[in-house]
2 protein chains.
Amino acid sequence: MAAEVKDAREEREVWSAYLVQHGLKRSEQREAILEVFLRTENHLSVEDLLQLVQKRRPDVGRTTVYRTLKLLSAAGLARELHLDGETRFERDWNREHHDHFICRACGDIFEFKSDEIEKLQEEIAERIGFAIDGHRHHIYGLCRRCQAKAAASRR
Amino acid sequence: MAAEVKDAREEREVWSAYLVQHGLKRSEQREAILEVFLRTENHLSVEDLLQLVQKRRPDVGRTTVYRTLKLLSAAGLARELHLDGETRFERDWNREHHDHFICRACGDIFEFKSDEIEKLQEEIAERIGFAIDGHRHHIYGLCRRCQAKAAASRR
DNA sequence: TTACGTGCAAATACTTTGCAGTTCC
DNA sequence: GGAACTGCAAAGTATTTGCACGTAA
């Protein structure tokens, strides 16, 4: 859809600006990693990203992926998630804040957002004088599909 | 308070039962680790726990702490938390479910609980046919004290 | 007695860092 | 030309496992 294309363009601009502002250079590896990161479904582990990038450019090293993900995060393009100890990255530019459902069977991740929950959080924080600057709300369980599978195999 | 003492007694019973049911043995190291774990404020890292245990018994090894924490978790006495990548353990027997505020400055952790938030979670899950079996809700920011400190040093 | 528990050292997994050679500007 | 970038190998963390020895039941 058009929005995606536009978003990606904006993200590339942010990236360029970030590089310039920090006296950093462009490189083919970084471009390749950025491309894959922007084009791919979310919630990638470092290993996932490395595999995908290496399909195009087998010479890109794991180290560079780590380093580039750091930069993408610093530039506000990526966001790091810690799911039960697993580290993953998702796109974070111009994206509404959201949280995650994680299926324990297939690992699929579903995003959700609730203004009501955020408001309640804020109220509780006020009561104890806590100034919120971010949060992670991860809900674990079984997705619809895996529930069906489980039910089927039980018969 | 009385409730604490009673809880700890109950936890020791659960522990004993767990050992028996699984054909495991009592040991001085395990007892020492359990004691410290039960007596201490929550949210310990493995390293924290090791240090505390070694004050009493310098011969207890890190490996045993890891192994005992696994057992305590399996017995339902401990719960593992992943705070922004950091692994910590808290008591989990007879404790109401709760979530956490984490101060980014001093690292202090405050617990909270909200039936309303849980209910909203449940509603959202229903909408996408997701069967919740647990969640982690971590809120980051500054605690009252650290806000005051920050304000003071800004002058 | 015998299966379980322990600490150490080694192995694993994940991530960062030092370095020598390469590339961008 | 010089600073930044890269991949590799080495070094760090965090955690688990193999093993020979010790200990509870």
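If you're wondering where the values come from, they're calculated on a predicted model, not measured in any experiment. Quick note on labels: first sequence line is chain A, next is B, and so on, each numbered from 1.
Comparing A:Arg30 and B:Ser27 along DNA chain D, the residue whose closest nucleotide (by nearest heavy atom) sits nearer the 5' end is A:Arg30. The 5' end of DNA chain C is approached more closely, in terms of each residue's nearest nucleotide, by B:Gly23 than by the other of B:Asp59 and B:Gly23. Between B:His22 and B:Gly61, the one whose closest nucleotide on DNA chain C sits nearer the 5' end is B:His22.
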Sugar-phosphate means primed atoms, P, OP1 and OP2; the rest is base. With that split, encode nucleotides 12-23 of chain D 5' to 3' as B, S or - using protein heavy atoms under 4.0 Å. --SBBBB-----
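Counting to the nearest Å, the P atom of C:dT15 and the CG atom of A:Leu69 are 10 Å from each other. Rounded to a whole Å, the CG atom of B:Leu71 is 13 Å from the C1' atom of C:dT6. Following rounding to the nearest Å, B:Arg26 (CZ) and C:dT6 (C1') show an atom-to-atom distance of 17 Å. One interatomic measurement links the two molecules: CG of A:Leu24 to C1' of D:dT6, which rounds to 14 Å at whole-angstrom precision. Note: CZ (B:Arg57) to P (C:dG5) measures 16 Å, nearest angstrom. At whole-Å resolution of the value, CG in A:Leu72 and P in D:dC5 are 13 Å apart. Atoms CD (A:Gln54) and P (D:dT6) sit 14 Å apart, rounded to a whole Å.
Between the side chains of A:Ser16 and A:Arg26, at least one donor N or O lies within less than 3.5 Å of an accepting N or O. Inspection of the A:His137 and B:Asp99 side chains reveals no N or O donor paired with an N or O acceptor under 3.5 Å.
The stretch residues 35-74 of chain B participates, sequence neighbours left out, in these ring-ring contact (aromatic ring centres under 6.0 Å, His included) pairs: B:His43-B:His100.
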Evaluate ring-ring contact (aromatic ring centres under 6.0 Å, His included) for B:His135 paired with B:His97, printing each intermediate quantity in order. CA-CA 10 Å; B:His135 73 268; B:His97 165 76; 4.5 Å; yes
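For CD of A:Glu28, the number of neighbouring non-hydrogen atoms (other residues, nucleotides, ligands) closer than 6.0 Å is 12 at most.
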